Participant: 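Below are the structure tokens for one structure; questions will follow.
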Number of protein chains: 2
Amino acid sequence: MASSTEENYLKSLYNLANVQGEVNLSELAASLQVSLPTANSMVKSLQKSGWVIYEKYKPLTLTKEGKKTAALIIRKHRLTEMFLVKVMNFGWEEVHEVAEQIEHIHAPKFFERMDQMLGFPTVDPHGSPIPDPQGKITPLSYTPLAHAKPGQHVQLAALTNSSTEFLEFLNSRKLSLGTQLTILSKESYDQSMVVSYAHHPSETLSEKVCERLLVRVLD
Amino acid sequence: MASSTEENYLKSLYNLANVQGEVNLSELAASLQVSLPTANSMVKSLQKSGWVIYEKYKPLTLTKEGKKTAALIIRKHRLTEMFLVKVMNFGWEEVHEVAEQIEHIHAPKFFERMDQMLGFPTVDPHGSPIPDPQGKITPLSYTPLAHAKPGQHVQLAALTNSSTEFLEFLNSRKLSLGTQLTILSKESYDQSMVVSYAHHPSETLSEKVCERLLVRVLD
DNA sequence: CAAATTTGTTAGAATAGTCTAACTTTGTAA
DNA sequence: TTACAAAGTTAGACTATTCTAACAAATTTG
């Protein structure tokens with residue numbers, strides 16, 4: 001069984017996986033905030049345990065086992081976030097830290113109960129998909145708000161970034177998942193967009209924000 | 001801040017504390033299932049951190065700080081057990097293992113929310129008192145069933161032992177906290193007792209069981 | 001393409017927590 | 001009160017995870 005540290009490496013590897021599912025050591029080290037040699041030696045040991053495929057100077061890939069293990073940790077993380085928000089009344093900006101700890105708890109029944117109490121949710125409070133109990137994950141197919149056209153009606157469905165600061169920014173604008181927006185205009189100079197939604201007849205969102213908001217196009 | 005390992009040492013020390021609040025190294029080592037040298041070296045480091053008072057060949061005592069830290073971990077443990085039973089519908093025999101892990105989570109708000117959702121309980125599912133947020137604990141003042149006299153009416157209030165096996169035994173007899181018992185007789189040969197309670201007109205409980213059941217005398 | 005930069009590797013060390021083996025103190029009991 | 005047993009200590013070693021310093025390979029770029 002993986003230690004918490006190992007679980008964190010697998011999770012990072014899973015989340016960083018690029019087009020080919022390949023990740024550089026440096027990316028991994030940066031994402032975990034450890035030095036390159038630390039990541040290097042850990043990766044060697046993950047390889048010995050059969051979780052990653054690794055050859056000197058080559059990029060890293062998770063094995064099938066590694067992917068599944070990672071997905072199941074992410075499942076626990078997202079289920080926990082959902083539980084904190086729906087059952088324990090946390091704000092969506094408060095749940096990450098706690099979930100980072102609870103995801104390492106070994107107690108299948110605890111997470112099964114959460115799942116059941118939540119009615120088997122498929123996405124977490126930030127719209128990210130929750131892997132199923134087998135570690136299968138259905139990728140999202142939403143569009144960045146930045147790609148929407150003036151006149152379109154869209155609904156906020158997920159975020160590509162869930163940092164506390166961004167979530168607090170969204171709170172301050174009363175933007176939450178499900179909010180329906182009408183795109184009023186797009187400024188070609190800086191790609192910012194002017195949108196309207198309930199009680200907010202005109203709100204300007206920067207390019208950065210528009211890229212982080214994933215929407216479902218309604219018309 | 002204490003590591004999980006250190007927290008476990010403090011908790012054991014707190015729970016083992018005898019009359020003088022003194023504990024032997026061997027008791028500690030046995031309770032944590034580590035070797036004597038391991039306990040010895042850990043105790044030295046706990047002393048350096050100001051959590052225990054220790055001198056070569058002398059018994060151990062927790063400092064004020066150590067006691068408070070321990071009580072707050074026990075608070076998290078018991079609050080968690082209560083949450084698992086009352087909110088997540090676990091059986092009282094299933095909660096210990098999970099709580100052993102969750103008690104090490106650092107997330108004040110998480111436990112405050114539990115406390116609030118539970119209506120600020122003062123005892124856990126096994127009748128053990130929950131330390132307050134300052135680490136103060138009110139000791140129980142119940143009587144072992146073994147001390148009750150034939151003819152008395154008592155109510156099951158707490159347990160001195162909460163092992164899974166004992167809890168499953170109680171489940172099998174439909175005995176739970178709050179159950180009112182009438183003591184029918186006590187066998188002087190083996191100290192076993194014959195009691196009656198809802199739907200159980202006559203149930204024999206061994207001395208061992210009677211010593212582990214703490215009751216409130218009703219008349 | 002050769003230099004510069006980025007990326008990855010090795011070596012060596014530190015800390016936390018654990019162990020076994022060997023030895024010393026303390027406490028008990030004949 | 002000496003001898004044995006129980007309890008505690010020391011020394012030395014091991015694993016996991018981390019670091020810095022020094023070096024090597026790969027990649028980028030003028």
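So that the names make sense, note that chain A is the first sequence line, chain B the second, and so on, each numbered from 1. Fair warning: this is a prediction, and the values are worked out from it, not measured in the lab.
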Participant: In whole angstrom, give the distance that lies between atom CG of B:Leu25 and atom P of C:dT26.
Facilitator: 14 Å

Participant: So, A:Asn171 versus A:Trp92: side-chain donor-acceptor pair below 3.5 Å or not?
Facilitator: yes

Participant: Calculate the interatomic distance between A:Asn24 atom CG and D:dT27 atom P; express it in whole Å.
Facilitator: 10 Å

Participant: Tell me which residues in residues 66-73 of chain A put a heavy atom below 4.0 Å from DNA chain C, sorted by number, or none.
Facilitator: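 Residues of residues 66-73 of chain A under 4.0 Å from DNA chain C: none.
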
Participant: Measure CG/B:Leu36 against P/C:dT20 and give the value in whole Å, please.
Facilitator: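 Going from CG in B:Leu36 over to P in C:dT20 covers 12 Å.
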
Participant: Quick one: do A:Arg75 and A:Glu103 make a salt bridge, cutoff under 4.0 Å?
Facilitator: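 Answer for the salt bridge query: no.
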
Participant: Can a salt bridge be assigned to the pair A:Glu100 and A:Lys11 using a cut-off of 4.0 Å between side-chain N and carboxylate O?
Facilitator: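 Judged by the 4.0 Å cut-off on N to carboxylate O distance, A:Glu100 and A:Lys11 do form a salt bridge.
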
Participant: Between A:Gln33 and A:Tyr57, who's closer to the 5' end of DNA chain D by nearest nucleotide?
Facilitator: A:Gln33

Participant: Considering only C:dT18, C:dG8, D:dT20, which nucleotide approaches the side chain of A:Asn40 most closely?
Facilitator: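 Taking heavy atoms from C-beta onward, the closest nucleotide is C:dG8.
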
Participant: Of A:Ser3 and A:Pro37, whose nearest nucleotide on DNA chain D comes first from the 5' end?
Facilitator: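 It is A:Ser3, whose closest nucleotide lies nearer the 5' terminus.
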
Participant: Is the closest side-chain heavy-atom distance between B:Leu28 and B:Val43 below 4.5 Å?
Facilitator: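 A side-chain contact exists here, since the closest heavy-atom pair is under 4.5 Å.
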
Participant: Quick one: label B:Lys58 by what it contacts on the DNA or RNA (base, sugar-phosphate, nothing), any heavy atom closer than 4.0 Å.
Facilitator: nothing

Participant: Write down the distance between CD (A:Glu22) and P (C:dG8), rounded to a whole number of angstrom.
Facilitator: 12 Å

Participant: When all nucleic acid strands are considered with a 4.0 Å heavy-atom cut-off, which category describes B:Ser35: base, sugar-phosphate, or nothing?
Facilitator: base

Participant: At under 4.0 Å between heavy atoms, what does A:Thr38 touch on the DNA or RNA strands: base, sugar-phosphate, or nothing?
Facilitator: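 It contacts base atoms.
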
